[in-house]
Visitor: 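Let me begin by handing over the structure; questions about it come next.
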Amino acid sequence: MRLSSLRVRILAAFAIVALISAVLASGIAYWLTRNAVLQRAQDSVIKEFRDGLGRVSTNLSANPTDAELDAAVQQLRNTSFGYAVVLVGDGTNTAATSGEFTLKEVPADLQKAVNTRDAQGNYHMYFQRISIKGQPYLVGGTKVVTDTPGAPDGPTGYMFQSLRAEQTDLTSLARYLTTGAVLALGAAAVLALVGARHVLRPVRRLGNAARQLGAGQLDTRLDVRGSDELADLARTFNDAAEKLERSVTELRALESSSRRFVADVSHELRTPLAAMTAVSELLEEEADSLGEQGAPAARLVVAEIERLATLVEDLMEVSRFDAGTAALVLDEVNIADLVTACLDARAWMDAVDLRSPRDIVARVDARRLDVMVSNLVGNALRHGGSPVTVVIRREPRAADPGLLAEPGAEDLVIHVSDTGPGIPEDVLPHVFDRFYKADSSRARSEGSGLGLSIVMENARIHGGTASASNVPGGGAMFSLRLPLVPPDDDPADYGPEGGDFADDTGHDLDDGAQLGGRR
């Protein structure tokens, strides 16, 4: 059991309460019993000593001799209490029982109190509990006062009563009370375990149900038992689970409908776009012959048709990722040759500084890597400006949970950097989001806002990732990290829904090339 678990805390709470209660109850019981025992013992022995001293003092002369004091001491000792006695006559004559105690054992403050009159001129009986040679004793003393006016006072008497029997009884009581406290603590621990089991069983069921619900089992429900707070919690959980299931079902239906709509619209637009593309080619060829007003309009139509075609291809590519149908066609590719061909096909060689060794060979989907590189470089040229630097190298496997290749493998790393103003810090976390634009007020721009999101999706199905950052001194840098050998898992597993919506589009979504980059 963890020290922070609820079971341990309940057990500790019960144990602390039981311990405090047992200690308080035992302490109070011991204190009351001790006072009662000692009070009874001292009251009885002091009363007997005072009465006995009064009886023997009547037979003593005004200045008793040692023999008279010894006789008085023996008479005082002949009681059922068996206390020791010290009698003091005129300050020089003393007598002690069997030589066991003397006046030296009587505390000085007690002697002073006994021989001191009060405000009314009277003497009183005083006593103390002291320890002599490690044994407890009750020491009491008083002075005998004669009733004859002008006559000297009588002797001063002290008695020593052993409290050993009372101490033994109190020690036994303390032992019994300690045993009772330990038993009470054990009983409290047992009750705490039983109570914790009773309380934690529904909490454990609730935790298991919550984990099942989080794992996607939206039909998970709890059995409601009783009418206490835990039962109310179970009912609340069931209500929340039911509402969540209903909401998720509705969202899934809407998402599926949205995906189908995007795929259907994109697919249906391909046929008219093909015809429009053919017409645009004719318009582009004949633009110069259309006059000063017709030529700009023709070129505008051609540019917009190309932009629309690119947008439709992007939407179809995104629908493949969402449906989980995007597949890899892997091949052994020389990365430097592929990137060089990508830049040369788009006439970017003069604007890009390519730094790459010739011996890096990776198993990748060449078409998708071409799409990623063209998007990143085109994005850098459009928003950062020339020159753009492309650095390609291999690195040891990074400790990144987002990468799916086995640990210890090597990565292909492609850095694309520019010398532009860089990316605002608040925009960096969103550059790979779909349709995201740094300036939301721009209703129209050259890109569709899908280019970088397609880069990220292509990197993911390769088992890699993409990232963006700012270069110290100015400029932005996009990094693409792919395993040299992708994982052997089914590529559909990397889709958002694991392939559950592979048939949502209802069409054969042929792969199409992505030209140019967009941010």
Side-chain angles (χ1 to χ4, degrees), residues 321 328 333-336 338-340 342-343 348 351-357 360-366 368-405 407-434 436 438 447 449-487 494 514 516-519:
F321 291 124
L328 291 175
V333 176
N334 185 291
I335 303 301
L338 187 148
V339 174
T340 300
C342 172
L343 300 178
W348 290 342
V352 176
D353 179 15
L354 176 61
R355 304 173 186 176
S356 172
I360 298 181
V361 177
R363 186 171 176 79
V364 296
D365 186 322
R368 294 188 181 277
L369 183 57
D370 179 87
V371 169
M372 289 186 277
V373 173
S374 64
N375 273 284
L376 293 177
V377 174
N379 185 78
L381 288 172
R382 182 175 296 108
H383 296 282
S386 179
V388 170
T389 303
V390 178
V391 179
I392 303 174
R393 62 172 177 263
R394 68 171 72 196
E395 292 182 357
R397 160 60 60 204
D400 188 344
L403 302 180
L404 303 177
E410 287 188 312
D411 293 335
L412 166 66
V413 180
I414 301 176
H415 296 299
V416 179
S417 59
D418 58 52
T419 56
I423 306 173
E425 293 296 329
D426 58 331
V427 175
L428 273 176
H430 306 286
V431 293
F432 293 101
D433 295 348
R434 295 176 184 177
Y436 182 82
L450 292 175
L452 292 180
S453 67
I454 291 175
V455 171
M456 179 62 78
E457 295 295 344
N458 277 317
R460 285 175 178 170
I461 67 172
H462 276 86
T465 186
S467 61
S469 61
N470 286 315
V471 179
M477 182 172 69
F478 288 84
S479 300
L480 183 64
R481 181 181 289 270
L482 307 176
L484 288 177
V485 180
Y494 306 125
Q514 305 295 317
R518 291 153 302 281
R519 177 176 291 173

Visitor: Could you grab the distance from atom CD1 of Ile414 to atom CZ of Arg481, nearest 0.5 Å is fine?
Guide: 11.5 Å

Visitor: Who are the side chain to side chain donor-acceptor pair (under 3.5 Å) partners of Arg355, not counting sequence neighbours?
Guide: Asp353

Visitor: Go through the structure and list residues passing side-chain contact (heavy atoms from CB on, under 4.5 Å) with Pro357, not counting sequence neighbours.
Guide: Asp359, Ile360

Visitor: Start with the C-alpha distance between Met456 and Thr465, add both sets of side-chain angles, then the distance that settles side-chain contact (heavy atoms from CB on, under 4.5 Å), and finish with yes or no.
Guide: CA-CA 6 Å; Met456 179 62 78; Thr465 186; 4.1 Å; yes

Visitor: Sequence neighbours excluded, which residues qualify as side-chain contact (heavy atoms from CB on, under 4.5 Å) partners of Ser469?
Guide: Met477

Visitor: Rounded to the nearest 0.5 Å, how far does CZ of Arg394 lie from CG of Asp411?
Guide: 11.0 Å

Visitor: Can you confirm whether Ile461 sits close enough to Arg368 that some side-chain heavy atom of one is under 4.5 Å from a side-chain heavy atom of the other?
Guide: yes

Visitor: Any non-hydrogen side-chain atom of Val416 less than 4.5 Å from a side-chain atom of Val391?
Guide: no

Visitor: If you apply the rule side-chain contact (heavy atoms from CB on, under 4.5 Å), what do you find for Met372 with Leu482, and how did you get there?
Guide: CA-CA 11 Å; Met372 289 186 277; Leu482 307 176; 4.0 Å; yes

Visitor: Just verifying a value: how many Å separate Ile335 CD1 and Leu412 CG, rounded to the nearest 0.5 Å?
Guide: 5.0 Å

Visitor: Kindly write out the residues that satisfy side chain to side chain donor-acceptor pair (under 3.5 Å) with Ser467, not counting sequence neighbours, or none if the list is empty.
Guide: none

Visitor: Would you say Ile423 and Phe478 make side-chain contact, with heavy atoms under 4.5 Å?
Guide: yes

Visitor: Looking at Asn375, is its backbone amide N or carbonyl O close enough to the side chain of Asn379 to form a donor-acceptor pair, meaning the two atoms are under 3.5 Å apart?
Guide: no

Visitor: Mind checking side-chain contact (heavy atoms from CB on, under 4.5 Å) for Leu338 and listing every partner two or more places apart, or none if nothing turns up?
Guide: Val333, Ala366, Leu369

Visitor: Between Leu428 and Asn470, does the side-chain contact (heavy atoms from CB on, under 4.5 Å) criterion hold? Intermediate values first, please.
Guide: CA-CA 9 Å; Leu428 273 176; Asn470 286 315; 3.8 Å; yes

Visitor: Using modelled atom types and a 3.5 Å cut-off, is there a donor and acceptor pairing between side-chain atoms of Asp418 and backbone atoms of Gly475?
Guide: no

